[in-house]
Chemist: 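Next up is a structure, given as structure tokens.
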Amino acid sequence: MASIIAPRGTRDILPGESYKWSYVIKTAGEVMSDFAFNEIYIPIFEHTELFARGVGETSDIVEKEMYTFIDRGGRSITLRPEATAGVMRSALENNLCAQGNFAKLWSYGPMFRYERPQKGRYRQFYQIDAECLGIAGAEADIEIINLSLELFKRLGLKNLEVVINSVGCEKCRPVYREKLVEYFNQHKDELCETCLNRLERNPLRILDCKKENCGKVAENAPDIFNSLCDECKEHFKKVCAGLERLGFKYKLNKRLVRGLDYYTKTAFEILSGDLGAQNAVCGGGRYDNLAEAAGGSHLPGVGFACGLDRVVIVMEEQGCSFGKIPEPKIFVIAKNDDARENAQVITSKLRSEKIAAVCDIAGRSFKNQIKNANSYEYICKADEAGNLELVKNSDDVHENLTLDEIVGRLK
RNA sequence: GUGAGUGUAGCGCAAUUGGUCAGAGCUUCGGAUUGUGGUUCCGGCGGUUGAGGGUUCAAGUCCCUUCACUCACCCCA
């Protein structure tokens with residue numbers, strides 16, 4: 001009997017864990033609201049073309065990590081590997097940024113990437129996503145980074161490192177790219193096989209290679225800052241100045257390169273040392289070319305994606321609080337078998353008064369009910385005649401009360 | 001896709017060089033005791049040792065295959 005188990009890379013967030021997730025999402029919602037970001041729900045699947053064009057044909061995601069299938073209508077559909085393209089699609093489709101308006105949007109939910117699972121990496125994983133669309137200025141970049149750091153601050157994450165870089169725009173990146181190709185071509189024999197491949201398809205990513213030899217070669221590679229156009233340079237300066245003004249520490253990393261093709265100008269990551277190899281809890285940046293790549297009109301944007309699975313791991317690792325575990329306040333015990341029905345009626349009435357209450361519905365013995373009830377704040381003993389006895393567990397005081405009196409006491 | 005490690009009751013674990021080894025603890029359920037109540041005691045449920053082959057008189061223990069998990073590469077959140 002081959003029992004069915006969850007597909008590789010997926011997992012169940014069980015009741016013992018789920019409250020942590022709820023806490024993080026609830027906190028995120030509060031922060032978003034304080035920053036005036038509005039929640040948006042978008043589809044979990046989109047036309048494959050959106051990601052192929054938006055994320056980039058040469059990205060690893062599109063090349064080998066997408067869950068793509070043909071639906072019954074013959075359409076090529078893909079389970080979203082990231083959220084930004086979908087949010088952008090929605091903003092364009094619904095004219096959220098018509099007439100020079102901007103939109104501050106956030107969302108959360110599952111993403112899908114066919115990768116080999118490891119710590120902090122799953123095939124179905126969850127992201128909290130924030131996007132600021134319609135603003136080209138550096139203030140938006142600063143707002144987005146500010147937002148992510150405020151979220152982590154409220155969640156209590158410690159020892160985070162903010163890394164930023166500029167990857168240029170459609171004007172200056174091609175120039176830099178040429179310089180890189182020229183440089184790396186002179187050092188072909190020192191590069192690893194994947195980097196030789198990257199040289200053809202996406203030379204920027206060679207900078208990111210962790211192999212020792214490639215790293216050495218990359219160290220002496222042309223500096224992107226020497227190639228940035230004036231606009232990009234200026235933009236980057238403003239972002240850095242803004243972060244400093246807000247009192248955020250950050251590190252420049254000229255070798256920080258995004259795996260997704262749509263990024264322009266600002267790229268940033270927030271790293272944690274408590275995650276193992278997959279050390280990014282948050283990654284993002286500006287993507288002024290995404291809208292056009294997705295077939296829309298020009299619409300600048302900047303945003304981040306925050307890995308929920310990873311945030312929870314780091315919080316556990318650092319002993320952060322997940323708030324109070326929600327738990328019923330009172331257990332209604334049937335004093336004997338004849339009182340069972342009455343206990344359920346009482347419980348129902350308490351619930352109508354918005355008091356979290358439980359009673360035994362599994363036919364447990366009295367003894368067992370008592371045993372379970374001891375972990376609740378209150379116990380209510382009901383007999384078959386409808387008499388109620390309220391006991392506060394902490395001080396062991398027994399009182400005979402009416403239902404109304406109990407409601408008044410617990411509210 | 002590549003590499004390494006792991007896989008025994010719901011959970012975390014134990015079983016000398018292959019030879020009564022299929023076990024205890026916690027949980028759970030029932031019972032006894034207690035003020036019908038957190039303790040203590042007794043008992044029950046629970047596993048063809050991930051699955052499938054093979055070697056052997058004998059395999060949880062060795063070999064092969066497969067599945068899953070873990071970590072790392074790759075890449076990213």
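Only a predicted model underlies this, so the values are computations on that prediction, with no experimental measurement involved.
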Chemist: Please work out whether the ring planes of A/Y262 and A/Y287 are parallel, tilted or perpendicular, with thresholds of 30° and 60°.
Modeler: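 Perpendicular, since the angle between the ring planes exceeds 60°.
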
Chemist: Atom NZ of A/K119 and atom P of B/A72: how far apart are they, to the nearest Å?
Modeler: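 Rounding to the nearest Å, NZ of A/K119 and P of B/A72 are 7 Å apart.
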
Chemist: Looking only at atom P, what distance separates B/U55 and B/C64, rounded to whole Å?
Modeler: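 Roughly 15 Å separates the two P atoms.
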
Chemist: Any Lys/Arg nitrogen of A/R154 or A/D34 sitting under 4.0 Å from an Asp/Glu carboxylate oxygen of the other?
Modeler: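 Counted as a salt bridge, because a side-chain N and a carboxylate O are separated by less than 4.0 Å.
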
Chemist: Sticking with atom C1', work out how far B/A9 lies from B/G5, rounded to a whole angstrom.
Modeler: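 The answer is 24 Å between these two C1' atoms.
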
Chemist: In whole angstrom, give me the gap between the P atoms of B/G7 and B/A15.
Modeler: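 Pairwise P distance, B/G7 against B/A15, rounds to 12 Å.
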
Chemist: Round to the nearest Å and state the distance from A/Q127 atom CD to B/A77 atom P.
Modeler: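 Between P of B/A77 and CD of A/Q127: 7 Å.
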
Chemist: Just one of A/K237, A/K238, A/K265 clears the salt bridge (charged side-chain N to carboxylate O under 4.0 Å, His left out) bar with A/E231, so which one?
Modeler: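 Of the listed options, the one satisfying the test is A/K265.
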
Chemist: Determine whether the aromatic ring centres of residues A/Y250 and A/F268 are separated by less than 6.0 angstrom.
Modeler: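 No, too far apart.
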
Chemist: Using the P atom in both, what is the distance from B/C26 to B/A51, to the nearest Å?
Modeler: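 Straight-line distance between the two P atoms is 27 Å.
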
Chemist: Checking all strands, does A/E65 fall into the base, sugar-phosphate, or nothing category for heavy-atom contacts under 4.0 angstrom?
Modeler: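 Counting heavy atoms under 4.0 Å across all strands, the contact made by A/E65 is with sugar-phosphate only.
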
Chemist: Heavy atoms only, 4.0 Å cut-off, all strands: where does A/G120 land among base, sugar-phosphate and nothing?
Modeler: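 Base contact.
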
Chemist: Look at all strands and tell whether A/Y122 reaches a base, only sugar-phosphate, or nothing, counting heavy atoms closer than 4.0 Å.
Modeler: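 Counting heavy atoms under 4.0 Å across all strands, the contact made by A/Y122 includes a base.
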
Chemist: From CG of A/D309 over to P of B/U70, roughly how many Å is that when rounded to an integer?
Modeler: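 In whole Å, B/U70 P lies 12 Å from A/D309 CG.
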
Chemist: Mind checking the C1' distance from B/U17 to B/A77? Whole angstroms is fine.
Modeler: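 My reading of the C1' atoms in B/U17 and B/A77 gives 49 Å.
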
Chemist: Just the rounded figure in Å: distance from P of B/A77 to CG of A/L160.
Modeler: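 Atom CG in A/L160 sits about 16 Å away from atom P in B/A77.
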
Chemist: Rounding to a whole Å, what distance do you find between A/R11:CZ and B/C69:C1'?
Modeler: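 From A/R11 CZ to B/C69 C1': 13 Å.
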
Chemist: Rounding to an integer number of angstrom, what distance separates B/G43 and B/U33 when you compare their C1' atoms?
Modeler: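 One C1' to the other, the span is 15 Å.
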
Chemist: Can a donor-acceptor pair under 3.5 Å be found between the side-chain atoms of A/R121 and the base atoms of B/C71?
Modeler: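 Under the 3.5 Å cut-off, the side chain and the base do not form any donor-acceptor pair.
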
Chemist: Once pairs are restricted to Watson-Crick or G-U wobble with both distances under 3.5 Å, how does RNA chain B read as a dot-bracket string, [ ] for crossings and | for other-strand pairs?
Modeler: (((((((..((.(.....[...).)).(((((.......))))).....(((((..]....))))))))))))....

Chemist: Could you check whether A/Y67 and A/Y114 have their ring centres less than 6.0 Å apart?
Modeler: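 Between A/Y114 and A/Y67, the centre distance is under 6.0 Å.
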
Chemist: For A/G9 and A/L308, take the nucleotide of RNA chain B holding the closest heavy atom to each; which residue's nucleotide lies nearer the 5' end?
Modeler: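 With A/G9 and A/L308 compared, the 5'-side residue is A/G9.
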
Chemist: Tell me the interatomic distance from A/N279, atom CG, to B/C71, atom C1', rounded to whole angstroms.
Modeler: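 Going from A/N279 (CG) to B/C71 (C1'), I get 15 Å.
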
Chemist: Provide, to the nearest angstrom, the distance between the CD atom belonging to A/E17 and the P atom belonging to B/C11.
Modeler: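 About 15 Å, once rounded to whole Å.
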
Chemist: Considering only atom P, compute the distance from B/G1 to B/U20 and round it to an integer number of Å.
Modeler: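 Comparing P positions in B/G1 and B/U20 gives a spacing of 41 Å.
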
Chemist: Whole angstroms only, please: what is the CG-P distance between A/L157 and B/A77?
Modeler: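 Roughly 17 Å, once rounded to whole Å.
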
Chemist: Is the backbone N or O of A/R80 less than 3.5 Å from a side-chain atom of A/T78, with the two atoms forming a donor-acceptor pair by type?
Modeler: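 Between the backbone of A/R80 and the side chain of A/T78 there is no qualifying donor-acceptor contact (under 3.5 Å).
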
Chemist: Counting the atoms with a prime plus P, OP1 and OP2 as sugar-phosphate, which does A/C306 contact under 4.0 Å by heavy atoms, base, sugar-phosphate, or nothing?
Modeler: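 Counting heavy atoms under 4.0 Å across all strands, no contact is made by A/C306.
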
Chemist: Between A/A305 and A/R8, just flag the one whose closest nucleotide in RNA chain B comes earlier from the 5' side.
Modeler: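 Nearest-nucleotide comparison on RNA chain B picks A/R8.
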
Chemist: If the cut-off is 4.0 Å, is A/Q118 near the phosphate of B/C73, judged by side-chain N/O to OP1 or OP2?
Modeler: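 Yes.
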
Chemist: Using side-chain contact (heavy atoms from CB on, under 4.5 Å), reason through A/R113 and A/I61 one step at a time and then give a plain yes or no.
Modeler: CA-CA 7 Å; A/R113 261 124 93 158; A/I61 291 177; 3.6 Å; yes

Chemist: Does A/E49 CD have over 12 foreign heavy atoms under 6.0 Å away?
Modeler: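 Result for CD/A/E49: open.
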
Chemist: Would you indicate whether A/L14, at its atom CG, is surrounded by more than 12 heavy atoms from other residues, nucleotides or ligands within a distance under 6.0 Å?
Modeler: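 Buried by this count: over 12 neighbours within 6.0 Å.
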
Chemist: Please give the distance between the P atoms of B/C13 and B/G18 as a whole number of Å.
Modeler: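 Result for the P pair: 24 Å, nearest Å.
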
Chemist: Quick check for you: among B/C71, B/U2, B/A77, whose closest atom lies nearest to any side-chain atom of A/R116?
Modeler: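 When the side chain of A/R116 is considered, B/U2 is the closest of B/C71, B/U2, B/A77.
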
Chemist: Determine, using ring centers only, whether A/W106 and A/F35 are less than 6.0 Å apart.
Modeler: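 Judged by ring-centre distance (under 6.0 Å), A/F35 and A/W106 do not meet the cut-off.
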
Chemist: Taking only Lys NZ, Arg NE, NH1 and NH2, and the carboxylate oxygens of Asp or Glu, determine whether A/K20 and A/E17 approach each other closer than 4.0 Å.
Modeler: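 Counted as a salt bridge, because a side-chain N and a carboxylate O are separated by less than 4.0 Å.
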
Chemist: Summarise protein proximity over nucleotides 27-37 of chain B in one line of letters, 5' to 3': B for base, S for sugar-phosphate only, - for none, counting protein heavy atoms closer than 4.0 Å.
Modeler: --SSSBBB-BB

